[in-house]
Amino acid sequence: MRKLIVFTLVFFFLGSLTYLFFNQEEKYYKLSETAPPEYVKYLKENGLDVKVEKDGSLWLNEKDKADYVVCCS
C-alpha cells in the first residue's frame with residue numbers, strides 16, 4: 001500500500017512538472033497590421049519583446065503590455 005501511495009505521488013508530481021514545462025509558451029498579441037522598421041527599432045530600444053510575422057503584422061509579448069503603455073502611449 002505504501003508503494004502505491006509513493007508511486008501515485010511521484011506520478012502526479014512528474015505530470016505537474018510536464019504540464020508546467022509545456023504550458024510556458026510565450027503569448028503575443030497583435031499591435032498593428034504593419035510594422036514600420038523605425039517603430040520596431042524604437043520598441044526594441046525600450047526593451048520590449050516584439051516580433052514581426054511574415055504577413056508584416058507587429059506583435060507584442062503579453063508580459064510587456066504595461067511597459068508598452070508607459071513608454072509608447
Side-chain angles (χ1 to χ4, degrees):
M1 184 68 180
R2 193 174 190 181
K3 288 182 181 181
L4 178 63
I5 293 171
V6 170
F7 175 77
T8 304
L9 289 174
V10 169
F11 178 77
F12 281 115
F13 177 73
L14 292 176
S16 299
L17 286 179
T18 303
Y19 173 76
L20 290 174
F21 176 75
F22 286 112
N23 202 25
Q24 295 298 322
E25 121 185 7
E26 296 289 323
K27 295 180 180 159
Y28 291 83
Y29 74 96
K30 189 183 269 190
L31 275 181
S32 71
E33 294 292 330
T34 60
E38 58 275 353
Y39 190 57
V40 173
K41 181 181 173 194
Y42 175 73
L43 292 174
K44 288 187 177 186
E45 285 174 353
N46 283 293
L48 300 176
D49 181 16
V50 294
K51 68 178 181 177
V52 179
E53 289 292 325
K54 291 179 183 177
D55 65 354
S57 59
L58 180 63
W59 294 75
L60 176 70
N61 189 321
E62 189 175 76
K63 295 176 186 173
D64 290 335
K65 277 193 227 180
D67 295 334
Y68 175 75
V69 170
V70 170
C71 91
C72 310
S73 294

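Positions are given from 1 along the sequence.
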Assess whether side-chain contact (heavy atoms from CB on, under 4.5 Å) is satisfied between V50 and K44, documenting all intermediate values.
-> CA-CA 7 Å; V50 294; K44 288 187 177 186; 3.7 Å; yes
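Under the 3.5 Å distance criterion, the side-chain polar atoms of N46 are left unmatched by any main-chain donor or acceptor of L48.
Summarising the local packing, NZ of K3 is surrounded by 12 or fewer heavy atoms from other residues, nucleotides or ligands at distances under 6.0 Å.
A side-chain donor from one of Y28 and D49 sits under 3.5 Å from a side-chain acceptor of the other.
Rounding to the nearest 0.5 Å gives a distance of 11.0 Å between NZ of K51 and CG of L58. Distance check, rounded to the nearest 0.5 Å: CD of E33 to CD of E53 gives 11.5 Å. To the nearest 0.5 Å, the span separating CG on L43 from CG on D64 amounts to 9.5 Å.
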For residues 8-18, which side-chain donor-acceptor pairs fall under 3.5 Å, sequence neighbours excluded?
residue	atom	partner	partner atom	Å
T8	OG1	L4	O	2.7
S16	OG	F12	O	2.8
T18	OG1	L14	O	2.8

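The heavy-atom pair separating W59 from K30 by the smallest distance is CE3-N, 3.3 Å.
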